[in-house]
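Heavy-atom basis, side chains included; hydrogens, waters and symmetry copies ignored. Since the structure is predicted, the reported quantities are computational estimates derived from the model, not experimental observations. We count ligands from 1, going down the list as the structure has it; atoms in each ligand are counted the same way.
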Amino acid sequence: MTKQELLEKIDVLLLDLDGTVYLDETPIGDAKNTLERLRERGKQLIFLTNNSSKTEEEYRRKLVRIGLWGAGDLVYTSGMATVSYLKKKHAGKKVYLVGTEAVRAEFAQAGILLDEADPDLCVLAYDVELTFEKIRRLNFFLKVGKPFIATHPDDVCPTKDVPMPDVGSFLALFKRSSGRDPDLVIGKPFPPMGEELSALTGVPRGRMCMIGDRMHTDVRFAANCGMKSVLVLSGETTRETMKNFPDKPDLVLESINDIL
Ligand SMILES: [Mg+2]
């Protein structure tokens, strides 16, 4: 796929965050201007993240603060995709949610019934406020056979220095203690988040493009969902490490700023 084809055939650009549009608190190069020009060309921009420790509003505030937010943009997290999935497939069911207080409030406001005593199913989000009591309780519900959904599979979350343990690391803990793997994982690279994005936008997946810096989440996600993909080399992946993965991105760019 050439850049020209990308700009002609794609209506929705799914933008990974860290390593793609910013590094920590700093936009990558002139990303602000690049995103503005994409909006002028009529592209719907959706900031897409697997990180389910923060809410839609928390991400929007950050993107506004660092100057990357524009009129018509959307934020979509694996937590929001999980809410949407639960409302469709488990309507009215009681959920034991392991998540931050802000994310628990986001689920409740969206109409998900949260229950800690006798839930119908369990959801593990990226809980940076995790306690032993929450671990004990989730392990109990897994041992008695409650359905188990994880928001996303990432082992670690990037930081300026040492990466932090993320949901994938906690899944390893629960596998050891309960013998259970999640019955379903919602976020990148798995298809449920792609299905929720199709429903959200009403745009066919062939007219959506995932732009990201990780082969095993961003590029794999596009391949799993029938979307186009752009790998940017401004984050985790280099031209060398790219070759260690089975998927081929449709386009490789040094950074998002090379898209125009
Ligand atoms: Mg990234």
Side-chain angles (χ1 to χ4, degrees), residues 6 12-32 34-35 38 45-56 58-60 62-63 65-69 73-81 125-126 128 150-169 185-191 193-194 197 208-225 227-259:
L6 173 78
V12 174
L13 294 171
L14 305 171
L15 303 167
D16 172 58
L17 295 177
D18 212 62
T20 301
V21 296
Y22 58 64
L23 280 171
D24 203 29
E25 289 285 317
T26 310
I28 289 182
D30 200 9
K32 177 182 165 64
T34 301
L35 299 186
L38 289 168
L45 306 186
I46 302 181
F47 296 99
L48 186 69
T49 178
N50 263 1
N51 190 333
S52 59
S53 71
K54 293 192 176 76
T55 63
E56 176 181 20
E58 288 173 303
Y59 273 113
R60 184 168 29 224
K62 173 171 183 177
L63 290 161
R65 188 172 71 239
I66 65 175
L68 294 179
W69 187 259
D73 292 354
L74 298 173
V75 168
Y76 207 65
T77 70
S78 68
M80 294 165 68
Y126 186 20
V128 295
T151 55
H152 62 291
D154 303 39
D155 288 336
V156 293
C157 179
T159 71
K160 268 181 284 185
D161 38 33
V162 174
M164 297 185 295
D166 200 334
V167 165
S169 298
V185 183
I186 300 288
K188 296 181 285 186
F190 298 106
M193 188 137 91
L197 283 162
M208 296 177 145
C209 179
M210 179 74 223
I211 305 179
D213 69 307
R214 278 180 164 179
M215 290 296 293
H216 61 288
T217 50
D218 300 315
V219 174
R220 187 92 261 256
F221 175 66
N224 282 345
C225 296
M227 298 170 180
K228 300 291 182 202
S229 63
V230 174
L231 177 74
V232 289
L233 302 173
S234 49
E236 189 179 278
T237 311
T238 64
R239 283 192 197 275
E240 276 309 304
T241 59
M242 192 183 123
K243 295 172 192 153
N244 302 333
F245 296 89
D247 301 297
K248 291 254 181 302
D250 292 290
L251 194 60
V252 181
L253 300 174
E254 290 302 317
S255 85
I256 191 166
N257 302 306
D258 292 335
I259 200 167

Subject >> N, O or S atom within D16 nearest to the Mg ion (ligand 1), by name >> reply: OD2
Subject >> Donor-acceptor side-chain pairing of S78 and N50 below 3.5 angstrom >> reply: no
**OP:** Over 60° means perpendicular and under 30° means parallel, so classify the ring planes of Y126 and H152, tilted if in between.
**Re:** perpendicular
Original post:
Okay, side chain of N224, backbone of P191: is any donor-acceptor separation there less than 3.5 Å?
Top reply: no
Subject >> Pi-cation contact, F47 with K62 (under 6.0 Å, within 45°) >> reply: no
Original post:
Name of the D18 N, O or S atom nearest the Mg ion (ligand 1)?
Top reply: O
Original post:
With the Mg ion (ligand 1) as the point of reference, which N/O/S atom of D213 is the closest?
Top reply: OD1
